[in-house]
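Here's the structure we're looking at; comments come further down.
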Number of protein chains: 2
Amino acid sequence: METGQREDRRTATERRRAELLEAADRVVLRDGPEASMNAIAAEAGITKPILYRHFGDKSGLYRALAKRHTDALLATLRTALDSPGDRRDRVEATLHAYLGAIEAHPQVYRFLMHPAEAPADGEKGLDAGRHSVPLLRRMGEDLAEVIAERLDLGPDSAQLARAWGHGIVGMMYAAGDWWLGERPFSRDLLVRHLADLLWGRLAAAGDRAGSPGL
Amino acid sequence: METGQREDRRTATERRRAELLEAADRVVLRDGPEASMNAIAAEAGITKPILYRHFGDKSGLYRALAKRHTDALLATLRTALDSPGDRRDRVEATLHAYLGAIEAHPQVYRFLMHPAEAPADGEKGLDAGRHSVPLLRRMGEDLAEVIAERLDLGPDSAQLARAWGHGIVGMMYAAGDWWLGERPFSRDLLVRHLADLLWGRLAAAGDRAGSPGL
DNA sequence: GACTGCTGTTACCGCTAGTAACCGGCACGT
DNA sequence: ACGTGCCGGTTACTAGCGGTAACAGCAGTC
């Protein structure tokens, strides 16, 4: 059967592609985001041109690699957003899920957040202006969607939800990045501190005696 | 005079260094963060080895370049934090200062936030584990300092202030990055949305009818 | 048996960061 | 006046990168 054979071909090449991605994964996890195409090809037991046939160029391979991890992380965050309890519980669960993920796989985190890409060919690329860190954007958009569909925010709720989505994600990102580097206290405490911040404790706190005030 | 001449030498080399930095600045602003050392040397009217004598390696030059802009931005943020008015006014003024800066000089912003550095030599570097985006860290630490010295946050105020400092900076960063790319509404509106978020409107908002709740 | 499509190779290009070795002028001690 | 360092500057090079052209072998199809 012709179509059957074509299907076999297609699934075979897709399996091959997945194998290559796993090899690339191993190398990136071992050598960091600066892994060279030669190293990845060697790890996969082949040579460079095959990688280029499968992924086009280096950023194509990196995008494919990032998509896997990003999808996985976003899925766990979604389930955390649907966890039982009141709103504060859900927010804390989501923060916990994110921080737990970056704590468990810091190499993956580093790869996703600091990919160190560089087109290096002027503006010949298709859409060279693209941001090199799409994970933050995707998390922000996802959270904005959830906020917009679940909260009653008045007339301009779409705008507000997106600003908040990206803002909250950024808060989680920067605080997590700092915390992961220093580990000054427990994950649980960071979650509570951030939730407190979102719950308006900054606005409610009193000025320190003798300070010009904030 | 010996010391006088030595002073002349020192100031001369420092002036030269500043000239080279300005040339590098021009090239980076024109070509983006992927500017090559050759291009920078050409812009300065010299050749590569002199750059390497002055700055060690590429990341040294980039660090020196980033330090200038980072210092300038942090200074304007500090003055915004000291602006007159109540706390909400100060927070909004600071957000405005940051967003205004990245809006006025997006190329500088892109260089500072997405430097695309790559050591590429395994772990031979001095402290290769360093984060490639120090601006966020410095802003976070600065804000944490201000918070800790001006707000009364109870016993573990130092911890809390740092978590909040980095968190707020991250919120500002991610929301600003998204906003700068899409410009869906005015800067003023984004400032108000983010301040609302910090003022606890997320916790106070009601659930939408028929949603599972957030 | 010729044709086609796929995986794989070797060998190369142009570019990059970074370095070694050398050249010339200018201020110094004697 | 004369070496003698030092310093800004150069040319010419290395090693490695991303990326590609051209070719080799092996399946299945007509």
Side-chain angles (χ1 to χ4, degrees), chain A residues 1-20 23-24 27-28 31-63 65 115-122 124-126 128, chain B residues 1-20 23-24 27-28 31-63 65 115-122 124-126 128:
Chain A
M1 255 219 224
E2 196 183 37
T3 60
Q5 306 246 359
R6 287 228 175 138
E7 278 303 302
D8 283 359
R9 284 265 176 225
R10 266 188 59 182
T11 60
T13 64
E14 280 178 14
R15 257 203 12 249
R16 194 84 185 94
R17 191 183 148 104
E19 288 175 24
L20 297 184
V27 177
V28 165
D31 298 353
E34 303 93 8
S36 81
M37 294 296 268
N38 255 327
I40 294 173
E43 169 72 27
I46 53 169
T47 48
K48 273 192 302 175
I50 314 177
L51 283 183
Y52 284 96
R53 277 217 262 267
H54 273 273
F55 301 103
D57 62 351
K58 184 174 187 172
S59 103
L61 197 167
Y62 275 43
R63 265 196 304 269
L65 209 53
E117 289 188 64
D121 57 356
K124 157 196 145 210
L126 3 155
Chain B
M1 255 215 231
E2 196 182 37
T3 61
Q5 307 246 358
R6 288 229 175 134
E7 278 303 304
D8 283 0
R9 284 262 176 227
R10 266 188 60 181
T11 59
T13 65
E14 278 178 16
R15 257 204 11 249
R16 195 83 185 93
R17 191 182 147 104
E19 287 174 24
L20 298 183
V27 177
V28 165
D31 298 353
E34 303 93 8
S36 81
M37 295 296 269
N38 254 328
I40 294 173
E43 170 71 28
I46 52 169
T47 49
K48 275 193 299 176
I50 315 179
L51 283 183
Y52 283 95
R53 278 219 263 267
H54 273 273
F55 300 103
D57 62 350
K58 186 174 184 169
S59 102
L61 197 167
Y62 274 44
R63 267 196 302 270
L65 209 53
E117 288 188 64
D121 56 356
K124 158 194 142 213
L126 3 156

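Proteins come first, then strands; the chains are lettered A, B, ... in the order of their sequence lines, and each starts at number 1.
Distance CZ (B:Phe55) to C1' (C:dA17): 16 Å, rounded to an integer number of Å. In this entry the distance linking NZ of B:Lys58 with C1' of D:dC17 reads 13 Å, nearest Å. In this structure, CE of B:Met37 is placed 12 Å from C1' of C:dT19, rounded to the nearest angstrom. Distance B:Asp31 CG to C:dT16 P: 11 Å, rounded to the nearest Å. Distance, A:Leu51 CG to D:dT20 P: 13 Å, rounded to whole Å. For the pair B:Asn38 CG and D:dC13 P, the computed distance is 16 Å after rounding to whole Å. At whole-Å resolution of the value, CZ in A:Arg17 and C1' in C:dC6 are 17 Å apart. Look at CD1 on B:Ile40: it is 11 Å from P on C:dG18, rounded to the nearest Å.
Residues B:Tyr62 and B:Glu34 share a closest heavy-atom pair of OH-C, 4.4 Å. The minimum heavy-atom distance between B:Val27 and B:Ala39, with the atom names listed, is CG2-O, 4.0 Å.
You'll find the side chain of A:Arg17 reaches within 4.5 Å of the side chain of A:Phe55, heavy atoms only.
Residue pairs meeting the side chain to side chain donor-acceptor pair (under 3.5 Å) criterion with at least one member in residues 36-48 of chain A, sequence neighbours excluded, are A:Arg26-A:Glu43, A:Arg30-A:Glu43.
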Give each protein N/O atom lying under 3.5 Å from an N/O atom of nucleotides 8-11 of chain C, with the pair distance.
residue : atom : partner : partner atom : Å
C:dG8   : OP1  : A:Arg16 : NH2          : 3.4
C:dG8   : OP2  : A:Arg16 : NE           : 3.3
C:dG8   : N7   : A:Arg53 : NH2          : 2.4
C:dG8   : O6   : A:Arg53 : NH2          : 2.8
C:dT9   : OP2  : A:Thr47 : N            : 2.8
C:dT9   : OP2  : A:Thr47 : OG1          : 2.3

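Helix bend of the helix from C:dG1-D:dC30 to C:dT30-D:dA1: the angle between its two end axes, each built from five pairs, comes to 20° after rounding to 10°.
To the nearest 0.5 Å, atoms CG (A:Leu20) and CZ (A:Arg53) are separated by 12.0 Å. Residue B:Ile46 holds its CD1 atom at 4.5 Å from CG of B:Leu51, rounded to the nearest 0.5 Å. Annotation: the span from B:Ile50 atom CD1 to B:Met37 atom CE amounts to 11.5 Å, rounded to 0.5 Å.
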